[in-house]
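Since the structure comes first, as structure tokens, the remarks are kept for the end.
Computation of the quantities below employed the complete heavy-atom set of this structure, encompassing side-chain atoms and omitting hydrogens, waters and symmetry-equivalent molecules.
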2 protein chains.
Amino acid sequence: MEEKNIEKYHGADECPITATIDVIGGKWKPPILWLLLKGPMRFGELHKTIPGMALKVLSRTLKELETDGIIIRKAYPEIPPRVEYSLSPKGESLRQIMTLLSDWSREHIMGEVMTEHSK
Amino acid sequence: MEEKNIEKYHGADECPITATIDVIGGKWKPPILWLLLKGPMRFGELHKTIPGMALKVLSRTLKELETDGIIIRKAYPEIPPRVEYSLSPKGESLRQIMTLLSDWSREHIMGEVMTEHSK
DNA sequence: CAGGATCCGGCAAGATACTG
DNA sequence: CAGTATCTTGCCGGATCCTG
């Protein structure tokens, strides 16, 4: 029965790729993660670095990432409040993927060129 | 002044990660690409393999992928019509990324540990 | 300073019917 | 067989106001 081992997808969420993209994708998660890969940042710092994103969206996105175990939220009981976000080990494990995604866009979208070896 | 070289993002589209995810992400692109990585497929074949996706969504998604140069649409002038979709070289260049994304989900989301060769 | 609560609008996705 | 046309809907992201 030479069946190719092709799985059926009744829902998009059954695809392993989709599962990961749900975690790192969406409109604002990539830039946030990209920044946190360089080091921890405070809430307001993120807000200033990504001016285009509304506050609510930022906080909700951070909460999602925290729920997924990608980032760690550390609140200091001070006045005024201080909250710092950093990558968890699980988040760190995305570094290679993020780097590849970034490289790919530079090579195939931004139009630059690096090795025109293919053909 | 030890400025960390952090770029500002006024829009999400300035992030290189986002740029790539726009191409391979979205709700249905991952399963389609994942299937095409295994070989060319016809329209109806894709439709049957991904029952959850509406026809309109499939055709539009394929068009998007074609526009982005990721896949190649080949129509045979026959009756009845036959159209085959396959990955372009640019699409092929995503193989490593797709594989990593898939592996990551299996290791960190689905909860399975496979090769553990890393490290 | 770091957010929560609300309300709203747009676009992507879904269902169904029709066509070359 | 391989789509397109049309209508509806659901969710995401945005703006504004409010709170510990």
Side-chain angles (χ1 to χ4, degrees), chain A residues 9-15 17-19 21-33 35-36 40-68 71-86, chain B residues 9-15 17-19 21-33 35-36 40-68 71-86:
Chain A
Y9 296 109
H10 302 82
D13 49 321
E14 295 168 25
C15 176
I17 314 279
T18 298
I21 290 190
D22 279 347
V23 173
I24 66 172
K27 188 163 185 178
W28 295 107
K29 284 180 186 177
I32 292 175
L33 291 175
L35 289 171
L36 291 183
M41 286 183 102
R42 297 179 56 177
F43 185 85
E45 212 173 347
L46 284 166
H47 177 50
K48 276 177 298 183
T49 310
I50 316 179
M53 177 176 44
L55 279 176
K56 187 195 92 171
V57 179
L58 174 57
S59 68
R60 195 186 41 185
T61 305
L62 289 170
K63 202 176 297 174
E64 272 185 58
L65 289 169
E66 193 194 358
T67 299
D68 286 336
I71 65 174
I72 293 171
R73 187 191 115 111
K74 172 147 193 176
Y76 297 85
E78 308 171 349
I79 301 294
R82 180 160 64 102
V83 179
E84 210 170 65
Y85 292 91
S86 60
Chain B
Y9 295 108
H10 301 83
D13 49 319
E14 296 168 22
C15 176
I17 314 279
T18 299
I21 290 190
D22 279 346
V23 173
I24 66 171
K27 188 162 185 180
W28 294 108
K29 284 180 186 176
I32 292 175
L33 292 175
L35 289 170
L36 290 183
M41 286 181 100
R42 299 178 58 176
F43 185 88
E45 212 173 348
L46 284 165
H47 178 52
K48 276 177 296 182
T49 310
I50 315 179
M53 178 176 43
L55 278 177
K56 187 193 89 172
V57 179
L58 174 58
S59 69
R60 198 189 39 180
T61 304
L62 288 170
K63 205 175 296 175
E64 270 186 58
L65 289 169
E66 192 193 359
T67 299
D68 286 337
I71 65 174
I72 293 172
R73 188 193 115 109
K74 173 146 193 175
Y76 298 84
E78 310 171 348
I79 302 294
R82 179 160 65 101
V83 179
E84 209 168 65
Y85 293 90
S86 59

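- Atom CG of B:D22 and atom P of D:dG13 are 12 Å apart (whole Å).
- Atom pair A:D13:CG and C:dA13:C1' shows a separation of 14 Å (rounding to whole Å applied).
- The side chain of A:S59 contributes no N or O atom lying less than 4.0 Å from OP1 or OP2 of C:dG4.
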Can you list, pair by pair, the side-chain donor-acceptor contacts under 3.5 Å of residues 58-67 of chain B, counting residues two or more places apart and other chains?
from	atom 1	to	atom 2	distance (Å)
B:S59	OG	B:K56	O	3.1
B:T61	OG1	B:V57	O	2.6
B:E64	OE1	B:K29	NZ	3.1
B:T67	OG1	B:K63	O	2.9

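- Following rounding to the nearest Å, A:K48 (NZ) and C:dA2 (P) show an atom-to-atom distance of 8 Å.
- Of the two residues contacting DNA chain D, namely A:V57 and B:L62, the nearest-nucleotide position lying further toward the 5' end is that of B:L62.
- Between D:dC12 and A:W28, no contact under 4.0 Å exists linking OP1 or OP2 to a side-chain N or O.
- The 5' end of DNA chain C is approached more closely, in terms of each residue's nearest nucleotide, by A:P80 than by the other of A:P80 and A:K56.
- Sequence order on DNA chain C of the closest nucleotides to B:A54 and A:Y85 puts A:Y85 first from the 5' end.
- Here the side chain of B:K63 is nearest to one of C:dG4, D:dT4, C:dG14, namely D:dT4.
- Place A:P81 and A:L55 on DNA chain D by their nearest nucleotides, and A:L55 ends up nearer the 5' end.
- Listed nucleotides: C:dT6, D:dA2, C:dA13. Nearest to the side chain of B:R42: D:dA2.
- If you measure from atom CG of B:L58 to atom C1' of C:dA12, you get 15 Å, rounded to the nearest angstrom.
- In this structure, A:K27 reaches the D:dG14 phosphate: one of its side-chain N or O atoms is under 4.0 Å from OP1 or OP2.
- Taking only side-chain nitrogens and oxygens, B:R73 comes nearer than 4.0 Å to OP1 or OP2 of D:dG3.
- When rounded to the nearest whole Å, the span between CD of B:E64 and P of C:dA12 equals 8 Å.
- Distance, B:H10 NE2 to D:dG14 P: 15 Å, rounded to whole Å.
- Taking 4.0 angstrom as the limit, B:R82 places none of its side-chain polar atoms (N or O) nearer than this to OP1 or OP2 of D:dA2.
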